[in-house]
Amino acid sequence: MNGSGWKLLPAALVSLLTVLFLVLWQALAQQTAVLKNLQEQVEAIEQREEVNNRRLLEEQMGTLRLRQQSLERQFSDLLKAVKQQREQEEKQARERQKAEQQPEANGRPFLPPPPRLELPLPAPQE
């Protein structure tokens with residue numbers, strides 16, 4: 001049996017190597033499929049992140065636009081208030097200047113002149 005055992009060994013090794021090759025080939029195919037699936041998942045997540053980032057940027061831009069409009073309104077209101085204050089100050093200055101140009105008596109209340117007192121004249125002496 002020693003001689004016939006050695007003859008079967010190459011045939012068994014070829015069969016074993018063939019089975020091993022087929023198992024490794026299937027494992028490689030399965031691993032490739034898993035890697036491809038993972039790559040697709042990563043790409044999907046990246047796309048969602050891009051969409052989320054774009055959406056977040058759009059929200060931030062909207063918020064910034066609203067803030068800018070609010071600041072522009074506040075600035076406009078402030079300019080109006082300053083203009084009104086200047087006009088009021090100019091009006092008061094004109095009124096003061098006008099009052100200063102008028103005689104000082106106009107600033108005091110009007111008092112009528114005191115009545116004349118007539119004293120009885122002494123009778124003529126003869």
Side-chain angles (χ1 to χ4, degrees):
M1 207 145 136
N2 277 344
S4 64
W6 287 107
K7 290 181 185 178
L8 292 176
L9 187 61
L13 284 177
V14 169
S15 299
L16 183 64
L17 287 176
T18 304
V19 169
L20 181 63
F21 177 76
L22 289 175
V23 168
L24 288 175
W25 187 262
Q26 286 179 343
L28 178 65
Q30 183 181 7
Q31 194 119 28
T32 304
V34 168
L35 285 175
K36 184 177 179 182
N37 187 17
L38 287 175
Q39 187 176 12
E40 289 172 357
Q41 289 178 359
V42 167
E43 288 173 0
I45 289 172
E46 286 174 349
Q47 284 179 339
R48 272 188 257 133
E49 285 180 5
E50 286 178 16
V51 168
N52 288 340
N53 286 343
R54 187 177 305 126
R55 196 174 294 139
L56 180 62
L57 286 174
E58 289 172 358
E59 288 176 12
Q60 289 175 343
M61 286 294 294
T63 302
L64 288 174
R65 279 190 199 109
L66 291 174
R67 181 70 178 138
Q68 181 183 8
Q69 290 170 354
S70 172
L71 289 173
E72 286 173 353
R73 275 194 303 273
Q74 289 176 359
F75 184 71
S76 175
D77 292 345
L78 184 61
L79 286 178
K80 286 178 187 176
V82 167
K83 182 180 177 183
Q84 288 175 349
Q85 185 177 1
R86 279 189 192 150
E87 289 173 353
Q88 188 177 14
E89 289 173 355
E90 288 173 0
K91 182 180 176 184
Q92 289 174 349
R94 283 191 305 269
E95 289 174 357
R96 263 184 300 192
Q97 195 175 27
K98 188 177 180 182
E100 288 173 359
Q101 289 176 354
Q102 293 178 353
E104 287 187 25
N106 287 347
R108 298 186 199 144
F110 177 71
L111 296 174
R116 286 181 105 185
L117 294 175
E118 295 199 25
L119 297 174
L121 291 175
Q125 291 178 0
E126 296 188 21

Q: Starting from the C-alpha separation in whole Å, work towards a yes-or-no answer on side-chain contact (heavy atoms from CB on, under 4.5 Å) for Gln60 and Leu57.
A: CA-CA 5 Å; Gln60 289 175 343; Leu57 286 174; 3.7 Å; yes
Q.
If you apply the rule side-chain contact (heavy atoms from CB on, under 4.5 Å), what do you find for Glu43 with Gln47, and how did you get there?
A. CA-CA 6 Å; Glu43 288 173 0; Gln47 284 179 339; 5.6 Å; no
Which residues share a side-chain contact (heavy atoms from CB on, under 4.5 Å) with [X], sequence neighbours left out:
| X | answer |
| --- | --- |
| Glu59 | Arg55, Leu56 |
| Glu46 | Val42 |
| Lys91 | Arg94, Glu95 |
| Gln92 | Gln88, Arg96 |

Applying side-chain hydrogen bond (donor to acceptor under 3.5 Å, both in side chains) as the test, list every pair that has at least one member in [range]; sequence neighbours left out.
| range | result |
| --- | --- |
| residues 63-75 | Gln68-Glu72 |
| residues 17-34 | none |
| residues 76-85 | Gln85-Glu89 |

Linking Ile, Leu, Val, Met, Phe, Trp and Tyr through side-chain heavy atoms less than 4.5 Å apart, which residues share a cluster with [X]?
| X | value |
| --- | --- |
| Ile45 | none |
| Phe75 | Leu79 |
| Leu38 | Val34 |

**Q.** Spacing of Leu64 atom CG and Leu71 atom CG [to the nearest 0.5 Å]
**A.** 10.5 Å
